[in-house]
Participant: 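Following this message is one structure expressed as structure tokens.
Remember, it's a predicted structure, so these values are computed and weren't measured experimentally. Positions are given from 1, in the same order as the sequence printed here.
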Amino acid sequence: MNLLRTAFLTGCFGLLLLVAACGKPTEPKTATNTLTLLAGSELKDLEPMWANLQEQTGIHLQITYTGTLDGAEILSDPKQHYDLAWFSHAKYLTLMQEKQKLIQAQEKIAISPVIPAIKESLAKKWGWLDHPQVTWTQLAEKIRSGQLTYAMTDPAASNSGFSTVMSVQAALANKGDALTAQDVDAEKLKSFFSGHVLTAGSSGFLSSLFLRNQAQVGGIFNYEAELLKLNRNPLLQEKLVLLYPQEGTVIADYPLLLLAKDQAANYQKLVDYLKSAAFQQWLMDTTDRRPVNPAVALGAQFPKGYLLDMPFPNTIATVNEILFAYLNEQRQPSHTYFVLDVSGSMAGSGIAALQQAMANLAGADTTLTGKFARFRNREQVTLITFNHQVQDIRHFTVDKEGHVLQDIDAYVNGLTTTGGTAIFSALDVAYKQATQARAADPKRFYSIVLMTDGLNEDGMSYTDFVRLYQQHADSAAAINTFPIIFGNADPSQLQALAALTGGQVFDSRTNSLAAAFKQIRGYQ
């Protein structure tokens, strides 16, 4: 019945939008206004409705997608201008607007708490099926004892990870009001995050990564909406039990933000459309986000009961201190292999762009998100340079004082270019190094970044690499390759490589190599 009801409502939705409350048809409107919107990348799933929105309101949305923290930094720059902003929550941005009033108005559009989910077998074993009294402390004990490992996004790149970190910090500090950095118990948190074994830069990619590695992971922290979708995925081998900790969680309420005062009338049109019963029903049935319109009955997929929103830090300095402490001290450290093309085609602007991108990760980018993206304390970095063969392999372990960052910068600035391009021979070396390192030190995140501007001309072919990778797939599992498209590199081959290894392609041709390197850090 639920499937029939959903299909009926979805099919009728277009008709509902074209009928006024009194039942009389309305004339479709052409776009009379274009509004610029900075939006969270997770809102791409609403794109099928933009044509209907334009018909009903006469408003065309010109949308730029970005991450939550990146978006907050963009909007705090007085040189940037957007009419609207729309992210999963506005808590961070609200704290950032201390001196300038960026937000003129805001309206909640949907609800999705960020919660834990664990495999059903574990929930049965621990007596947590349909159990309303599960606490963060109980979760922490299962993680501390090694009984529970989980997947979570990087909090400096994705709101679901950001919200999880804030929820955990507040719950383990046992505070009923706004959290301060002094409330944080570093040892408890380090123990909690020791169970974090899969990471990603976005909530959707985290779900894909979980499916690929589900045999090795017991749980996942993500939006309720993402977890409901994951439970319907035919590739999922064991159902997940969604948990709603007694102390609460940070809740995404998707506020639409008005930034430009002169667009107040158009903003209200958008709000009325987005909060209409027809759109809210479609939103719930299609994206598994909870409606905010009380006229829309909550779907059967959602448990009944009140959602408790955790207290949030009341200063941006506290939030940043918590995030930097997590990245540098509490989370499991990573080991990243950068496979860097120094062939003759990289001479001039190519090698200069590469050197600037690496310099940014070594500390040259002093923006807030640049500081989040830089190499982190305890992180191991391996640089593998190649042309027609592997040229050099250098290992670095980042220290608190920053001396190693200077060493990385000096090394990259000394790179020279010559010769052909042996992409897959170099990548094969990276995988051999990474699998050996993980066998010796499994308590790290391992990933490979491949940067090339050309086609494979020398050494191992792609077919040969695939054959070898598949032969050793068990030892290489969860070591993902993230190719960066640069120059004349073959996009189709790099896309296939990412799919093979469970990674994701980043395209620097539409932005910059430095931006691609910065973006990819959320996946490490």
Participant: Salt bridge or not between Glu329 and Lys190? Use side-chain N to carboxylate O under 4.0 Å.
Facilitator: no

Participant: Measure the NZ-CD1 distance between Lys79 and Ile74 for me, rounded to the nearest 0.5 Å.
Facilitator: 14.0 Å

Participant: Do the charged groups of Arg289 and Glu224 touch, with an N to O distance under 4.0 Å?
Facilitator: no

Participant: Roughly how far, to the nearest 0.5 Å, is CD1 of Ile59 from CG of Leu61?
Facilitator: 7.0 Å

Participant: Salt bridge between Asp45 and Lys229, side-chain N to carboxylate O under 4.0 Å?
Facilitator: yes

Participant: If you count the non-hydrogen atoms of other residues, nucleotides and ligands that lie under 6.0 Å from CD in Gln62, is the total more than 12?
Facilitator: no

Participant: Can Asp441 and Arg444 be counted as an ion pair, charged N to O under 4.0 angstrom?
Facilitator: yes

Participant: Salt bridge check: are Asp154 and Arg376 linked by an N-O gap of less than 4.0 Å?
Facilitator: yes

Participant: Kindly indicate whether the side chain of Tyr65, heavy atoms from C-beta on, has any atom under 4.5 Å from the side chain of Glu42.
Facilitator: no

Participant: Where do Ser167 and Val250 come nearest, in terms of heavy atoms and distance?
Facilitator: OG-N, 2.9 Å

Participant: So which heavy atom on Tyr223 is nearest to which on Ser203, and how close?
Facilitator: CE1-OG, 3.3 Å

Participant: Charged N to carboxylate O under 4.0 angstrom, Arg521 versus Glu379?
Facilitator: yes

Participant: What pair of heavy atoms forms the shortest contact from Gln504 to Ala498, and how long is it?
Facilitator: N-CB, 3.8 Å

Participant: Quick one: are Thr481 and Pro483 in side-chain contact, heavy atoms under 4.5 Å?
Facilitator: yes

Participant: Considering all heavy atoms of both residues, which atom of Phe193 and which atom of Arg331 are nearest to each other, and what is their separation?
Facilitator: CB-CA, 4.2 Å

Participant: Distance from Phe210 atom CZ to Leu198 atom CG, nearest 0.5 Å?
Facilitator: 8.5 Å

Participant: Do Ile115 and Phe221 make a side-chain contact, defined as non-hydrogen atoms from C-beta onward lying under 4.5 Å apart?
Facilitator: no

Participant: Does the side chain of Gln332 pick up a donor-acceptor pair with the side chain of His196 at under 3.5 Å?
Facilitator: no

Participant: Near Glu47 CD, under 6.0 Å, is it more than 12 heavy atoms from other residues, nucleotides or ligands?
Facilitator: yes

Participant: Whether Lys518 and Asp365 form a salt bridge (side-chain N of Lys/Arg under 4.0 Å from carboxylate O of Asp/Glu) is what I want to check.
Facilitator: yes

Participant: Decide yes or no for Phe87 and Pro255: does some side-chain heavy atom of the first lie under 4.5 Å from some side-chain heavy atom of the second?
Facilitator: no

Participant: So, Thr369 and Glu73: side-chain donor and acceptor under 3.5 Å apart, yes or no?
Facilitator: yes

Participant: Can you confirm if the aromatic rings of Phe506 and Tyr523 lie within a centre distance of less than 6.0 Å?
Facilitator: yes

Participant: Under 3.5 Å, is there a donor-acceptor pair linking the side chains of Glu238 and Ser121?
Facilitator: yes

Participant: Which heavy atom of Val449 sits nearest a heavy atom of Ile484, and at what distance?
Facilitator: CG1-CD1, 3.9 Å

Participant: Taking all non-hydrogen atoms of both residues, which atom of Thr34 and which atom of Asp83 are closest, and how far apart?
Facilitator: O-OD2, 4.1 Å

Participant: NE2 of His60 to CG of Leu37: how many Å apart, nearest 0.5 Å?
Facilitator: 10.5 Å

Participant: Quick one: does Tyr267's side chain have a donor or acceptor within less than 3.5 Å of a partner on Leu256's backbone?
Facilitator: yes

Participant: For the residue pair Gln216 and Val197, establish whether any side-chain heavy-atom pair is separated by less than 4.5 Å.
Facilitator: no

Participant: Do we see a donor-acceptor contact under 3.5 Å between the side chains of Ser334 and Gln524?
Facilitator: no

Participant: Test your reading of the model: is there a side-chain donor-acceptor pair from Gln138 to the backbone of Thr135, 3.5 Å cut-off?
Facilitator: yes

Participant: Take atom NZ in Lys304; do more than 12 heavy atoms of anything else shown fall under 6.0 Å from it?
Facilitator: yes

Participant: Going through the checks in order, is the salt bridge (Lys or Arg N to Asp or Glu O under 4.0 Å) test met by Lys91 and Asp309?
Facilitator: CA-CA 12 Å; Lys91 294 179 173 73; Asp309 200 2; 3.7 Å; yes

Participant: Consider only side-chain N and O atoms of Ser447 and Asn480, and report whether a donor and an acceptor are under 3.5 Å apart.
Facilitator: no

Participant: At what distance, to the nearest 0.5 angstrom, does OG1 of Thr249 lie from OH of Tyr244?
Facilitator: 9.0 Å

Participant: A side-chain contact here means heavy atoms from C-beta on lying under 4.5 Å apart; do Phe279 and Asp272 qualify?
Facilitator: no

Participant: Out of curiosity, Leu69 CG to Phe162 CZ, how far, rounded to the nearest 0.5 Å?
Facilitator: 6.0 Å

Participant: Does one side chain, of Ser163 or Ser160, offer a donor that lies under 3.5 Å from an acceptor on the other?
Facilitator: no

Participant: Are Leu242 and Asn231 close enough that some pair of their side-chain heavy atoms sits under 4.5 Å apart?
Facilitator: yes

Participant: Taking the side chain as C-beta and beyond, is there a heavy-atom pair between Thr199 and Thr153 under 4.5 Å?
Facilitator: no

Participant: With a 3.5 Å cut-off and no angle check, do the side chains of Asn159 and His89 form a donor-acceptor pair?
Facilitator: yes

